[in-house]
Amino acid sequence: MLTLGIESSCDETSAAVVEDGSRIRSLVVASQSGVHARYHGVVPEAASRAHAEQIYPVVKRALDEAGIVPHDPGSGGLTGIAVTNRPGLSGSLAVGLSFAKGYALAAGLPWIAVDHMAAHAYAAQLQDPEGSITGRAISPDSGLSYPYLVVLVSGGHTILAISRSREELQVLGTTIDDACGEAYDKVSAFLGTGYPGGPAIDRLARDGDPRACSLPRPRLNRNDNRYDFSYSGLKTAVVHQLERFWDKRFPRTRENIAAGFQKAAIDLVIDRVRNAIEDTGITRVAAGGGVAANSYLRSELENVSRELSVEVVLPPPILCMDNAAMVAGLGYHLLLTGNPSAWETGVSARIPAFRHRP
Ligand code: KG4
Ligand code: ZN
C-alpha cells in the first residue's frame, strides 16, 4: 500500500511516497533557506507564499519518482494521503493541508492529519534498503521496538519523550525558553555564519577547542525537572558575556566560540537522555529534528549507546530534518487503525503537551 505524505509546517515543502508505512519509495524536500537567510530566521508570511509556489511541483516530483501516474490505477496507485496539520506555522500548515484535501477529494482517497512531532519520533522506523533515497542503507530490521526514548531537537522544539506506540508520545521534558536549534541559529547570526545556523556551527566547531570557553550550564535539577532544557542563558552568555567565560590561553576565534557553544548545547541534551535512561530503564533511544543531524550530538549518543548498552537509532540527516517520509509512514498506520480525518479538520500552531509546564 502506498501513502503520499505532505509536510509544510515550517520552511521545507516536502512530499514522499512510502510503502506499507516504512519503505521509502520517493522523497522530495524543497528548502526555503534561501528565502529566509537574510532575516536569520523564518518569516511566516514568506514561508506560506513559498509553500504555495512549491507544493504542486514537489508533490508531482515525488509521485513521478515513485512511478505513480495520478488517476492511473495501473501504475500502482496511492491508497491514502497523510499531511502534517500540527504544530507549526498556521499559514504554512494550511497550504499543505488544503492541497492534501484537494488531492484526496479529486482522487477519492482517504486522508489523515498527522502530528509533526509524532512523525519526527516515527522517523526511526523508516527504511531505505538500498540507501538510494537517504544516502544510507537502512535495512528492514533496523526499526526500534516500543517503547523507546526519543529526543526531538529542532528549530521550534526541544522535547524528550517516551514513544509508547506510534500514536502516543509521552512528554518527559521540554525547553523552558528557547529551542536548541533556535539557539544555534541565534549564535550563528552573532558569528555572522548565516542561516540555518546549525550546519555552519557544526562545521566550525570541528576546528575549534571547546576548552576555550566553559559556558554556563542551566540549573534545572530543582523540582524534579530532570528532563527539561533551557537555552536562553547560553545564548546570552555567548552574545553578551563571552569575556566572563573565556580562557585567555585560547585565541578568540569563531571556531573556538562555536566549539564551546556546541559542547554546552549538546551536553545538556545528552545529560537529559542519560537521566531518562537511568530513571525509566528504557534501553532504546532515537533522535529526531534538525539538530539530530549534528555530528557532535550523534557521536555523543553513540558513546551513550556503548557505555550504557542501549540501542540508539539515528536516522540519516535527511530523515532527521523536516521531511514528508516520516509523515507518510506514520499516516499509513493511523489510516490502517483509525478513521480518516474529517473534512473540517484545520491546523493547530501549538500543542499544549509540547510546551513547558509552568
Ligand atoms: O526539524 P527542522 O528541520 O525544522 C524545524 O521543525 O524546526 O530543524 C531545523 C533546525 C534549525 O534550527 C537548524 O539550525 C538546526 O535544525 N540544524 C542543526 C544542524 N542541522 C540543522 N543544528 C545543529 N547541527 C546541525 N548539523
Ligand atoms: Zn521538524
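Whatever order the structure lists them in is the order used to number ligands and atoms, beginning at 1. In this chain, residues are counted from 1 in sequence order.
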> Which single N/O/S atom of H116 lies at minimum distance from the Zn ion (ligand 2)?
Replying inline: NE2

>> Only N/O/S atoms count here: what is the atom of D322 closest to the Zn ion (ligand 2) called?
In response: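 Minimum-distance N/O/S atom of D322 relative to the Zn ion (ligand 2) is OD1.
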
Flag, side chain of [X] to backbone of [Y], donor-acceptor distance under 3.5 Å:
X	Y	answer
N256	D209	yes
K101	T345	yes
H51	C10	yes

> Measuring to the Zn ion (ligand 2), does C10 have an N/O/S atom at a distance below 2.8 Å?
Replying inline: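 No, since none of the N, O or S atoms of C10 sits under 2.8 Å from the Zn ion (ligand 2).
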
>> Suppose we only count N/O/S atoms under 2.8 Å; would H120 qualify as near the Zn ion (ligand 2)?
In response: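 A backbone or side-chain N, O or S atom of H120 is under 2.8 Å from the Zn ion (ligand 2).
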
> What residues, two or more places apart in sequence or in another chain, satisfy ring-ring contact (aromatic ring centres under 6.0 Å, His included) together with F261?
Replying inline: Y184

>> With a 4.0 Å heavy-atom cut-off, what residues sit around ligand 1?
In response: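 E12, H116, H120, S154, G155, G156, G181, Y184, D185, P196, G197, G198, P199, D202, G289, G290, V291, A293, N294, M321, D322.
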
Going by distance alone, is a donor N or O of one side chain under 3.5 Å from an acceptor N or O of the other, for [X] and [Y]?
X	Y	result
R164	Q170	yes
Q262	N294	yes
S9	E7	yes

>> One pair to check against side-chain hydrogen bond (donor to acceptor under 3.5 Å, both in side chains): Q125 and S22. What are the steps and the verdict?
In response: CA-CA 6 Å; Q125 308 288 1; S22 51; over 6 Å; no

